Amino acid sequence: MNYAMYVFCMLIWGLNFIAVKIQGTEAALEVSLFYRSLIAFVLFYMLLKIKRLPLRKAHTNYGTIIGFGICNFAVSYLLLYYGTIYSTAALVTLIFSLKAITTPIFLRIVFKTPLQNKIYIGGALGLLSVVIILYPDLHTISSSFLLGIGLAAIGTIVTSIGDVFSYYNNEKNIDPVRANTIGMLVATLSLLVFALATAKDFVFPTSLHYWGGLLYLAIFASFIAWLLYLLLVKHMGAAESSYMVALFPAIGGFASVVIGESALSWNLVLGIVLAVLGAFIALSKKKKSEFPG
């Protein structure tokens with residue numbers, strides 16, 4: 001059962017940005033992300049009620065929960081959405097996998113957690129993978145494509161900042177369902193305000209691919225896969241569960257070729273291999289440290 005959940009989460013999250021690409025831009029990205037967050041919030045709120053957890057609780061640092069929600073569910077998502085539309089889902093998936101390197105760096109800065117040499121090795125391989133993929137087309141890359149890469153990189157960094165808030169919340173034993181419910185509520189309200197402030201039209205596209213992508217992202221990626229991941233962490237441990245990030249570039253790259261977004265080439269294959277290897281090295285952990293005694 002653990003392996004089935006592991007594969008499910010890996011495939012769902014590995015295809016995240018493919019779903020964004022398929023969903024498209026029939027509605028403004030801010031509006032589409034608002035719809036996704038609203039659906040996910042409703043699901044989390046229902047789960048909160050089923051578990052009979054209070055939304056408010058004394059002696060809770062709401063600042064870190066709000067920071068987690070804004071970073072991980074609003075700002076980073078929006079940046080990654082734009083990065084996907086301007087560039088390719090395969091490249092954004094690869095860049096996003098670099099959070100296996102950036103998150104430990106931020107944890108080191110804030111909480112002084114140990115930072116091993118494997119993080120630098122994994123980071124170097126990850127950056128090299130991006131260069132290899134882009135190198136053959138450097139003379140033809142458009143400014144909008146480069147903007148997409150930049151937005152994806154910033155979005156990944158913001159995600160890592162959100163992971164720092166999440167780390168703090170976990171250390172304070174804040175229930176993850178409660179944290180996600182509040183975080184998703186804050187993200188939903190933030191996206192609504194931002195969409196209204198920037199005069200985005202709240203349209204409801206009628207195409208099947210739009211709603212298919214939206215429901216995939218809201219129900220499967222933002223809710224079901226997250227719940228299964230919590231079970232994996234409980235049964236397998238955080239280190240083993242996090243290895244799936246290393247395979248995101250391979251899943252996203254293969255799917256990108258299948259939908260015709262990217263052409264199959266040696267540099268794409270080599271870049272994906274290096275990205276997977278780099279993330280795996282960064283996430284690797286000795287068994288004896290995970291299961292002492």
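Not measured: the values here are computed from a predicted model.
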Minimum heavy-atom distance L94-G126, with the two atoms named: CD2-O, 4.3 Å
Joint hydrophobic cluster, Y168 plus V110, side-chain heavy atoms closer than 4.5 Å: yes
From CA spacing to verdict: side chain to side chain contact (heavy atoms under 4.5 Å, CB included), W266, I132: CA-CA 9 Å; W266 69 267; I132 288 176; 4.2 Å; yes
Side chain proximity check, V203 to V31, heavy atoms < 4.5 angstrom: no
Side-chain touch N180/F68, heavy atoms, less than 4.5 angstrom: yes
Value rounded to 0.5 Å, distance of OG1 in T188 from CZ in F44: 10.5 Å
CZ-OG distance between F145 and S87, expressed to the nearest 0.5 angstrom: 5.0 Å
Which atom of I101 lies closest to which atom of G123, heavy atoms considered: CG1-N, 3.4 Å
Cluster overlap L231 with F220, hydrophobic side-chain contacts below 4.5 Å: yes
Exceeds 12 heavy-atom contacts within 6.0 angstrom, atom OH of Y120: no
F8 side chain near W13 side chain, heavy-atom distance below 4.5 Å: no
Pairwise side-chain contact, V92 with L151, heavy-atom cut-off 4.5 Å (strictly under): no
Distance in Å, I18 CD1 paired with L217 CG, rounded so as to fall on 0.5 Å steps: 11.0 Å
Reported OG-to-CD distance for the pair S166 and E171, which is rounded to 0.5 angstrom: 10.5 Å
Within-4.5 Å side-chain heavy-atom neighbours: L268 and S262: yes
Donor-acceptor side-chain pairing of T198 and E30 below 3.5 angstrom: no
In one Ile/Leu/Val/Met/Phe/Trp/Tyr side-chain cluster, 4.5 Å: I12, L228: yes
F106 side, atom CZ; T102 side, atom OG1 - distance, nearest 0.5 Å: 6.5 Å
Heavy-atom pair with the smallest gap, counting every atom of R108 and T113: CD-O, 2.8 Å
Close side-chain approach of K51 to R178, heavy-atom, < 4.5 Å: no
Between E261 and T88: side-chain donor-acceptor atoms closer than 3.5 Å: no
Path from F254 to V130 over hydrophobic side-chain contacts below 4.5 Å: no
Side chain to side chain contact (heavy atoms under 4.5 Å, CB included) evaluation trace for V75 with L79: CA-CA 6 Å; V75 178; L79 291 169; 3.9 Å; yes
Spatial distance of atom CD1 (I149) from atom CD1 (I95) [nearest 0.5 Å]: 5.5 Å
Ring geometry between Y81 and Y77 (parallel below 30°, tilted from 30 to 60°, perpendicular above 60°): parallel
Over 12 foreign heavy atoms within 6.0 Å of OH, Y135: no
Evaluation steps, side chain to side chain donor-acceptor pair (under 3.5 Å), between S32 and Y210: CA-CA 9 Å; S32 294; Y210 178 86; 2.7 Å; yes
